[in-house]
Participant: 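What follows is a single structure, and I will ask about it in a moment.
When a residue number appears, it is its place in the shown sequence, counting from 1. FYI, side chains are in, hydrogens and waters are out, and symmetry mates aren't considered; it's all heavy atoms of this structure.
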Amino acid sequence: MSEVVLPNDTNPHDTMFGGRLLSLMDKCAAISAMRHAGIVCVTVSVDSVEFNSPILLGEVVTIEAWVNRAFGTSLEVEILVEAENLAQKERRQCNHAYFTFVAVDEHGKSTPVDPIYPETDLEKERYEKAAMRRELRLHLKGRIDLKDTIYLKDDLIAAISQRDL
């Protein structure tokens with residue numbers, strides 16, 4: 001989705017408010033999650049938001065989102081944000097984030113979603129890394145012990161074994 005940055009979207013420095021951008025990112029990610037699930041999905045967490053470059057007044061902000069993996073009732077959606085200066089014909093990556101959504105039924109109860117079946121090498125890489133990020137989120141929330149992780153533990157062991165201690 002694309003939108004031009006107007007004066008009401010900006011701060012006194014003529015750069016886009018972070019909260020306004022997060023709102024657009026959440027909306028785009030929700031659409032991606034709901035397209036996959038075919039049902040209403042609600043945001044449960046936002047992590048690893050990176051504000052790498054300010055988006056300026058008059059630029060076009062483009063937000064792309066895709067579902068990396070589904071976990072029963074939840075989905076990880078990755079978001080990429082680019083800004084484009086139309087006059088200079090320049091485009092740059094500005095932001096990146098991961099959102100987690102849960103599919104809910106008409107009573108607000110979580111409901112299962114179809115799994116993701118990655119096909120390309122990039123989709124397979126995103127799929128595997130989504131499992132590691134999920135385990136990390138669950139570990140940091142105290143919902144899973146490190147010894148009970150699968151993907152995260154293997155990744156940490158590989159990282160440690162590659163270091164020359």
Side-chain angles (χ1 to χ4, degrees), residues 1-111 113-116 118-141 143:
M1 73 189 255
S2 295
E3 211 172 287
V4 65
V5 179
L6 299 172
N8 62 329
D9 299 320
T10 63
N11 61 34
H13 298 287
D14 286 339
T15 60
M16 188 175 206
F17 286 120
R20 173 72 174 124
L21 179 59
L22 283 171
S23 175
L24 292 174
M25 292 167 70
D26 189 31
K27 187 182 293 186
C28 185
I31 291 168
S32 184
M34 290 187 288
R35 280 184 173 154
H36 176 78
I39 192 167
V40 172
C41 294
V42 296
T43 311
V44 294
S45 73
V46 179
D47 58 272
S48 189
V49 178
E50 300 170 11
F51 292 94
N52 298 320
S53 175
I55 302 171
L56 306 176
L57 175 66
E59 291 187 321
V60 173
V61 60
T62 300
I63 304 168
E64 183 181 2
W66 55 89
V67 177
N68 285 331
R69 192 163 181 163
F71 301 97
T73 62
S74 68
L75 306 97
E76 182 193 85
V77 179
E78 187 170 352
I79 294 103
L80 179 64
V81 179
E82 293 182 331
E84 182 178 5
N85 182 309
L86 298 175
Q88 297 176 357
K89 296 183 178 16
E90 292 178 353
R91 203 172 172 147
R92 67 189 183 287
Q93 182 178 329
C94 296
N95 303 74
H96 182 259
Y98 298 99
F99 284 55
T100 302
F101 288 83
V102 169
V104 295
D105 64 17
E106 62 275 3
H107 305 291
K109 300 292 183 192
S110 60
T111 187
V113 296
D114 291 336
I116 296 287
E119 296 176 3
T120 68
D121 288 342
L122 179 58
E123 289 171 344
K124 290 174 184 176
E125 180 182 355
R126 289 174 172 163
Y127 182 87
E128 291 300 318
K129 288 185 176 182
M132 293 179 355
R133 283 186 294 272
R134 180 176 187 262
E135 285 186 343
L136 180 58
R137 281 190 293 271
L138 292 173
H139 175 68
L140 292 173
K141 290 180 182 178
R143 294 179 54 199

Participant: Are any of the side-chain heavy atoms of Glu78 and His96 separated by less than 4.5 Å?
Facilitator: yes
Participant: Please determine whether side-chain contact (heavy atoms from CB on, under 4.5 Å) holds for the pair Ile116 and Val67, giving the CA-CA distance in whole Å, both sets of side-chain angles, and the decisive distance to 0.1 Å.
Facilitator: CA-CA 8 Å; Ile116 296 287; Val67 177; 3.7 Å; yes
Participant: With rounding to the nearest 0.5 angstrom, report the CG to OH distance, Leu122 to Tyr127.
Facilitator: 15.0 Å
Participant: Determine whether Arg35 and Ile31 make a side-chain contact, defined as any pair of heavy atoms from C-beta on separated by less than 4.5 Å.
Facilitator: yes
Participant: How long is the gap from CD on Glu59 to CG on Asp14, to the nearest 0.5 Å?
Facilitator: 11.0 Å
Participant: In terms of side-chain heavy atoms, does Asp105 have a donor or acceptor partner in Thr111 at a distance below 3.5 Å?
Facilitator: no
Participant: How close do Pro7 and Leu57 get, counting heavy atoms only, and between which atoms?
Facilitator: N-CD1, 3.4 Å
Participant: Starting from the C-alpha separation in whole Å, work towards a yes-or-no answer on side-chain contact (heavy atoms from CB on, under 4.5 Å) for Phe51 and Leu22.
Facilitator: CA-CA 10 Å; Phe51 292 94; Leu22 283 171; 4.1 Å; yes
Participant: Once you round to the nearest 0.5 Å, how far does OH of Tyr98 lie from CD1 of Ile79?
Facilitator: 9.5 Å
Participant: Arg92 and Pro54: which non-hydrogen atoms are nearest, and at how many Å?
Facilitator: NH2-O, 2.6 Å
Participant: Determine the sole option in Arg133, Lys141, Arg134, Arg137 for which the salt bridge (charged side-chain N to carboxylate O under 4.0 Å, His left out) test with Asp47 is passed.
Facilitator: Arg137
Participant: Between Lys129 and Glu125, does any NZ, NE, NH1 or NH2 come within less than 4.0 Å of an OD or OE carboxylate oxygen?
Facilitator: yes
Participant: Quick one: pull up CG in Leu138 and CZ in Phe71 and give me the separation to the nearest 0.5 Å.
Facilitator: 9.0 Å
Participant: Would you check if Arg20 and Glu3 make a side-chain contact, meaning some heavy-atom pair closer than 4.5 Å?
Facilitator: yes
Participant: Do His36 and Asp114 touch side chain to side chain, with heavy atoms closer than 4.5 Å?
Facilitator: yes
Participant: Determine whether Leu56 and Thr15 make a side-chain contact, defined as any pair of heavy atoms from C-beta on separated by less than 4.5 Å.
Facilitator: yes
Participant: With a 3.5 Å cut-off and no angle check, do the side chains of Thr62 and Ser2 form a donor-acceptor pair?
Facilitator: yes
Participant: Please report the shortest heavy-atom distance between Ser74 and Val102, naming the atom on each side.
Facilitator: CB-CG2, 4.1 Å
Participant: Could you tell me whether the side chain of Asp26 reaches within less than 4.5 Å of the side chain of Phe101, counting heavy atoms only?
Facilitator: yes
Participant: Heavy atoms only: give me the nearest Asp9-Val4 pair and the separation to one decimal.
Facilitator: OD2-O, 3.8 Å
Participant: For Thr120, is there any backbone N or O sitting under 3.5 Å from a side-chain donor or acceptor partner on Glu123?
Facilitator: yes
Participant: Does either side chain, that of Asn68 or that of Glu76, offer a donor lying less than 3.5 Å from an acceptor on the other one?
Facilitator: yes
Participant: Just by distance, with hydrogens left out, do Glu50 and Asn95 show a side-chain donor and acceptor under 3.5 Å apart?
Facilitator: no
Participant: So do the side chains of Met16 and Leu24 get within less than 4.5 Å of each other, counting heavy atoms only?
Facilitator: yes
Participant: Grab the two heavy atoms, one from Leu75 and one from Ala33, that are nearest each other, plus how far apart they are.
Facilitator: CD2-O, 4.2 Å
Participant: Would you check, one step at a time, whether the test side-chain contact (heavy atoms from CB on, under 4.5 Å) holds for Trp66 with Arg126?
Facilitator: CA-CA 10 Å; Trp66 55 89; Arg126 289 174 172 163; 3.2 Å; yes
Participant: Answer yes or no: does atom CG of Asn52 have more than 12 heavy-atom neighbours from other residues, nucleotides or ligands under 6.0 Å?
Facilitator: yes
Participant: Please give me the minimum heavy-atom distance between Ala37 and Ala103, naming the atom from each residue.
Facilitator: CB-CB, 4.4 Å
Participant: Working to the nearest 0.5 Å, report the span between SG of Cys28 and CZ of Phe99.
Facilitator: 9.5 Å
Participant: How far apart are the C-alpha atoms of Val81 and Leu21, what are their side-chain angles, what is the distance that settles it, and do they pass the side-chain contact (heavy atoms from CB on, under 4.5 Å) test?
Facilitator: CA-CA 9 Å; Val81 179; Leu21 179 59; 4.0 Å; yes
Participant: As an exercise, state the distance from CE of Met132 to CZ of Arg69, rounded to the nearest 0.5 Å.
Facilitator: 11.0 Å
